[in-house]
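Here is the structure we will look at, set down as structure tokens.
Basis for what follows: all heavy atoms, side chains included, without hydrogens, waters or symmetry-related copies. Just so you know, ligand 1 is whichever comes first in the structure, and atom 1 is the first atom listed for that ligand.
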Amino acid sequence: MEQGFCIWLTGLSGSGKTTIAQELVKRLENSRFIEVMDGDEIRKGLSRDLGFSKEDRNEHNRRVIFCSKLLARSGVIVIVALISPYRETRAYAKEQIQNTIEVFVKAPLEVCIERDPKGLYKKALAGEIKNFTGIDDPYEEPLNPDVVVETDKQDVNESVNTILFKIHANGLLSDEAYESMTK
Ligand code: ADP
């Protein structure tokens, strides 16, 4: 069986994690089983009892890490799209989930505010939402991520190509599979 692995996308809200995850699925889906763990979706189900305090964020991330670990162990490609603002939690993810590639989805806060795809920054800036990452809650930038994609400078395809290159370089995709999914 080919090895499972995890692409862990971390970054501010609106930086492009979900958009990149969806494109990664399109490229990878013919190769084997693939599962996306999107923070916003998981908060509607598995983590619906949790809020945005540091404790709750850590618990939310811990649940995602637990599920991702089981999936990757069973050979699945797991794509995690989670703000995951704390370095310590991301280090724990790498320790727990086999073959985890940490991707910093980087965009300046002003760009994320400008994009505001979910209208959340508007609410946070108006004080209608509290503990919003980047506004009144911290985001600890990765110090040594495996991949950095700058979504204000690269388009989605370039970001996805950079990520796939790294996965292949780490021996997690065969030459044949890699060639068929790069464009
Ligand atoms: P997140 O999941 O990080 O909160 P989303 O993917 O939901 O972010 O939103 C990112 C927004 O930015 C989308 O509206 C997307 O179309 C836009 N966008 C513009 N340029 C890029 C890019 N290069 N990569 C990813 N998203 C981009």
Side-chain angles (χ1 to χ4, degrees), residues 6-29 34-48 50-54 56-58 60-61 63-65 67-68 71 77-87 89-90 93-94 97 100-126 128-143 145-167 181-183:
C6 172
I7 305 170
W8 187 283
L9 303 164
T10 173
L12 293 170
S13 178
S15 59
K17 300 178 298 296
T18 302
T19 307
I20 289 172
Q22 286 165 350
E23 187 57 31
L24 277 167
V25 170
K26 285 192 209 152
R27 303 274 203 100
L28 287 160
E29 68 190 348
I34 178 160
E35 200 60 65
V36 176
M37 311 281 279
D38 188 285
D40 293 333
E41 292 305 311
I42 287 165
R43 279 190 174 279
K44 293 179 197 158
L46 182 64
S47 293
R48 71 179 164 202
L50 300 174
F52 293 87
S53 65
K54 183 167 187 180
D56 279 10
R57 283 176 189 272
N58 271 333
H60 172 48
N61 286 210
R63 292 179 191 177
V64 172
I65 291 167
C67 298
S68 302
L71 288 165
I77 298 175
V78 189
I79 301 175
V80 175
L82 208 61
I83 296 173
S84 45
Y86 303 117
R87 282 189 196 117
T89 318
R90 296 191 303 260
K94 283 198 87 159
I97 314 163
T100 296
I101 309 234
E102 184 185 5
V103 180
F104 180 18
V105 182
K106 189 175 180 187
L109 179 63
E110 311 80 71
V111 172
C112 297
I113 291 174
E114 177 90 5
R115 288 178 182 162
D116 206 6
K118 291 154 250 176
L120 295 174
Y121 282 102
K122 195 170 173 235
K123 288 188 183 162
L125 288 165
E128 290 164 27
I129 312 178
K130 300 275 176 233
N131 301 111
F132 196 77
T133 303
I135 304 297
D136 57 356
D137 222 52
Y139 177 75
E140 298 174 358
E141 290 199 355
L143 298 176
D146 299 296
V147 181
V148 182
V149 293
E150 299 193 64
T151 67
D152 58 324
K153 298 183 185 139
Q154 306 174 272
D155 66 21
V156 182
N157 269 329
E158 285 173 304
S159 298
V160 168
N161 285 340
T162 311
I163 297 166
L164 293 175
F165 180 86
K166 182 69 179 177
I167 297 168
M181 62 184 67
T182 8
K183 45 179 175 181

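Residue contact check: L12 has heavy atoms under 4.0 Å from atoms 3 (O) of ligand 1. Contact atoms of ligand 1 toward D155: 23 (N) (distance under 4.0 Å to a heavy atom of the residue). Proximity to T151 (heavy-atom distance under 4.0 Å) selects the following atoms of ligand 1: 20 (N), 21 (C), 22 (C), 23 (N), 24 (N). Each of the atoms 22 (C), 23 (N), 24 (N), 25 (C) of ligand 1 lies under 4.0 Å from some heavy atom of V156.
Counting heavy-atom neighbours within 6.0 Å of K153 NZ, excluding the residue itself, gives a total of 12 or less. Residue E114 qualifies as open at atom CD: its count of foreign heavy atoms under 6.0 Å is 12 or below.
Nearest protein heavy-atom contact of atom 10 (C) of ligand 1 is G14 O, 3.5 Å. Shortest contact from atom 14 (O) of ligand 1 to any protein heavy atom: P117 CB, 3.9 Å. Atom 8 (O) of ligand 1 has its closest protein heavy atom at G16 N, 3.2 Å. When only non-hydrogen protein atoms are considered, atom 12 (O) of ligand 1 lies nearest to R115 CD, 3.1 Å.
In terms of polar-atom proximity, defined here as any N/O pair under 3.5 Å, T18 does make such a contact with ligand 1. Residue T19 has at least one N or O atom closer than 3.5 Å to an N or O atom of ligand 1. No N or O atom of I20 sits closer than 3.5 Å to an N or O atom of ligand 1.
By the 6.0 Å and 45° rule, K54 stacks over the aromatic ring of Y86. Geometric assessment of R90 against the ring of F104 yields a negative cation-pi assignment under the 6.0 Å and 45° thresholds.
A side-chain donor-acceptor contact under 3.5 Å links D116 to the backbone of K122. In this structure, Y121 contributes its side chain and S13 its backbone to a donor-acceptor pair below 3.5 Å. A distance-only check finds a donor-acceptor pair linking the side chain of K17 to the backbone of L12 [under 3.5 Å].
Of the listed residues (Q154, K118, Q22), the one carrying the non-hydrogen atom nearest atom 23 (N) of ligand 1 is Q154.
Between the side chains of T133 and R57, at least one donor N or O sits under 3.5 Å from an acceptor N or O. Under the 3.5 Å distance criterion, with hydrogens and angles disregarded, a donor-acceptor pair is assigned to the side chains of T18 and D38.
In this structure, S15 counts as a contact residue of ligand 1, since one of its heavy atoms falls inside 4.0 Å of the ligand. Using a 4.0 angstrom heavy-atom cutoff, S13 counts as in contact with ligand 1.
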